[in-house]
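Just the heavy atoms: all of them, side chains too, but no hydrogens, waters or symmetry mates, feed the values below. Position 1 is the first residue of the sequence, and the numbers go up from there. Predicted model only: the values in this text are computed from it and were never measured.
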Amino acid sequence: MVAVATVVELAPAGACDFLSPSIEKLSFATAECKQYILWNCPATKASTEGNEMSRREILKSAGALAAISTLGFGRPAFAADPTMTTVCKIVGVPYFSLLETGLVAAGKKTGIRSNMIGPAQVDPAQQVRLIEDVIAKKVDVLGLIPLDVKVLAPVVQRARDAGIIVITQEGPDMEGRTWDVEMVDSKKFGEEMMKSLARQMGGKGDYIVIVGTLTTPLHNLWCDAAIAYQQANHPNMKLAADRFPGADQIDTTEQVVRNALQAYPNLRGVIGFGSNGPIGAGNIVRQRGLGNKLSVTGFALPSQAQSLINAGALKETFLWSPKEVGEAMVAVASLVLKKAEFKTGMQIPGIGKANVDADKKIISVDRMLVLNKETLPELIKLGI
């Protein structure tokens, strides 16, 4: 309180009238401290008539009040205009471009300055470096779609130690996060993909699975669920080889499928768990005229898959809206900033009723969409 008194007494007349709205937002100050500032400011002790403050005096006073935070009161919890930077898996792909539009739109609605950055290649080490930069900029919220939860755990903890809220997506096992937001039930999502592949393959033949990376958390959860479902329900189907990485990039997926067709003569199916996986596999099906021989499913966006579906190279895939992912992450961040209580049944703005696992710090909804020739026109209208 002594430090506060010194600052207040040095403030010129009129300063506290000008700064009182900001004083009320000083999250590091107790109610008693705020009252002392306002009641002991020269503006409340003397008339300000004829004593108009210069811009320089106002700025000096603002600087003095800001300095209070370094005099034993700690870092302010959050700025009046909070900032949120989301680190995605890779920039320049349609999925994350759409996700960014959701982040920005929701930021405008909630008063959070929201943006997205990401590595140019699928590389968790690049994510680490980007997060370090975000920490240095002292944002209020870090959004994260992790490539490798083990590699990222130390830097995520550094963010939390710096007082930064961490909202993940596709990161149910990310240690240190504040909340993880999931758009589907991971087990159900993986099983639905396998059910679709089994229908297309007639329940027999070899298949391969392609994930983004071998450490991408959610891709591998879906993959585990899909394989387990096949083993329990379709004994005449066989996983031809261990899972392959590369489903985040079209050209990498194409090469994986080319190699697999040569290596496994009985190959009849492909599941691509990254958004570019079914596109790359579908390209090979179309190029080689394999529509009646090789079945493909996985996660794909309507805007990318449209021509492949119309050509018969893709018959059915699954997704959720990337825009809604961005909206959900910002909505959850806004609720955390407002110190909202999280409980099952609560409404998350933009995505609806949520299930909340407080122990695991997971907020989940069911926003799974099925993409096929019948649903394509309506999904295209959604702009995804």
Side-chain angles (χ1 to χ4, degrees), residues 86-100 116-128 130-131 143-153 168-174 180-184 186-187 189-190 192-194 197 207-227 239 241-260 269-284 296-301 304-305 314 317-322 325-326 329 368 371 384:
T86 296
V87 178
C88 70
K89 295 178 189 176
I90 181 172
V91 293
V93 300
Y95 178 89
F96 287 110
S97 296
L98 287 167
L99 191 149
E100 184 177 20
M116 189 191 81
I117 58 176
Q121 301 294 328
V122 180
D123 180 5
Q126 289 187 38
Q127 281 193 316
V128 170
L130 290 170
I131 294 170
L144 176 63
I145 299 94
L147 284 166
D148 188 321
V149 294
K150 291 182 179 179
V151 170
L152 293 170
T168 60
Q169 205 272 321
E170 296 189 33
D173 297 323
M174 184 74 253
D180 178 67
V181 180
E182 295 302 333
M183 306 301 286
V184 295
S186 292
K187 182 173 181 290
F189 201 56
E192 289 300 320
M193 292 184 190
M194 182 53 71
L197 187 66
Y207 70 94
I208 61 170
V209 291
I210 312 174
V211 294
T213 73
L214 298 178
T215 58
T216 302
L218 224 56
H219 291 191
N220 287 282
L221 282 176
W222 302 337
C223 189
D224 291 342
I227 293 169
L239 181 65
D242 289 340
R243 63 198 69 181
F244 296 94
D248 286 328
Q249 296 171 301
I250 293 173
D251 56 350
T252 306
T253 299
E254 289 176 347
Q255 190 57 49
V256 169
V257 175
R258 288 190 197 99
N259 293 342
V270 178
I271 305 181
F273 292 103
S275 64
N276 281 325
I279 306 305
N283 285 345
I284 299 300
V296 178
T297 189
F299 188 113
L301 298 175
Q304 285 184 281
L314 291 179
T317 59
F318 301 82
L319 71 150
W320 58 68
S321 168
V325 173
M329 293 179 75
M368 184 177 74
L371 173 61
I384 54 176

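Summarising the geometry of Leu319 relative to Phe299, their closest heavy-atom pair is CA-CE1, 3.7 Å, with the distance given to 0.1 Å. Residue Thr317 comes nearest to Thr297 through the heavy atom pair CA-OG1, 3.8 Å, listed as atom of the first residue, atom of the second, then distance. Between Gly171 and Asp180, the closest heavy-atom pair is N-OD1, 3.0 Å. Shortest non-hydrogen contact noted between Gly282 and Leu314 is CA-CD2, 4.2 Å. Taking both residues in full, the closest heavy atoms of Ala226 and Gly190 are given as CB-O, 3.3 Å, listed atom of the first, atom of the second, then distance.
Residues Gln255 and Asn259 bring a donor and an acceptor atom of their side chains to less than 3.5 Å of each other.
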- Message: Applying side chain to side chain contact (heavy atoms under 4.5 Å, CB included) to Val91 and Phe96, what does each step give before you reach the verdict?
- Response: CA-CA 6 Å; Val91 293; Phe96 287 110; over 6 Å; no
- Take Phe318 and Leu371 through the side chain to side chain contact (heavy atoms under 4.5 Å, CB included) test and state the conclusion after the steps. CA-CA 6 Å; Phe318 301 82; Leu371 173 61; over 6 Å; no
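Legend: residues meeting side chain to side chain donor-acceptor pair (under 3.5 Å) with Gln121, ordered by chain and number and at least two apart, are absent. Looking at residues two or more places apart in sequence or on another chain, you find a side-chain contact (heavy atoms from CB on, under 4.5 Å) between Asn220 and Val211, Thr216, Arg243. In terms of the salt bridge (Lys or Arg N to Asp or Glu O under 4.0 Å) criterion, Glu182 has no residue partners (sequence neighbours excluded). Under the salt bridge (Lys or Arg N to Asp or Glu O under 4.0 Å) criterion, Lys187 pairs with Glu191, sequence neighbours left out. Scored by the side-chain contact (heavy atoms from CB on, under 4.5 Å) test, Val128 finds Glu132, Val151, Leu152, Val155 as partners (sequence neighbours excluded). Under the ring pair (Phe, Tyr, Trp, His ring centres under 6.0 Å) criterion, Phe189 pairs with Trp222, Trp320, sequence neighbours left out. In terms of the salt bridge (Lys or Arg N to Asp or Glu O under 4.0 Å) criterion, Glu100 has no residue partners (sequence neighbours excluded). Legend: residues meeting side chain to side chain donor-acceptor pair (under 3.5 Å) with Thr215, ordered by chain and number and at least two apart, are Asp148, Thr213. When the side chain to side chain donor-acceptor pair (under 3.5 Å) test is applied to Asp173, no partner is found at least two apart in sequence or on another chain. Not counting sequence neighbours, Asp248 has no partner by the side chain to side chain donor-acceptor pair (under 3.5 Å) test. Residues satisfying the side-chain contact (heavy atoms from CB on, under 4.5 Å) criterion with Pro245, sequence neighbours excluded, are Leu214. Residues passing the side-chain contact (heavy atoms from CB on, under 4.5 Å) test with Leu130 are Val87, Ile117, Pro119, sequence neighbours excluded.
Side-chain contact between Cys88 and Leu99: absent, with no pair of heavy atoms (C-beta onward) separated by less than 4.5 Å. Side-chain contact check for Ile210 versus Val270: some heavy-atom pair is nearer than 4.5 Å. Residues Phe273 and Met193 have side chains in contact (heavy-atom distance under 4.5 Å, counting atoms from C-beta outward). Residues Pro217 and Pro146 have side chains in contact (heavy-atom distance under 4.5 Å, counting atoms from C-beta outward).
Residue His219 holds its NE2 atom at 13.0 Å from CD1 of Ile271, rounded to the nearest 0.5 Å.
Side-chain N or O atoms of Gln127 include one that pairs as donor or acceptor with a backbone N or O of Leu147 at under 3.5 Å. Without hydrogens or angle criteria, Glu254 side chain to Ala281 main chain gives no donor-acceptor distance under 3.5 Å.
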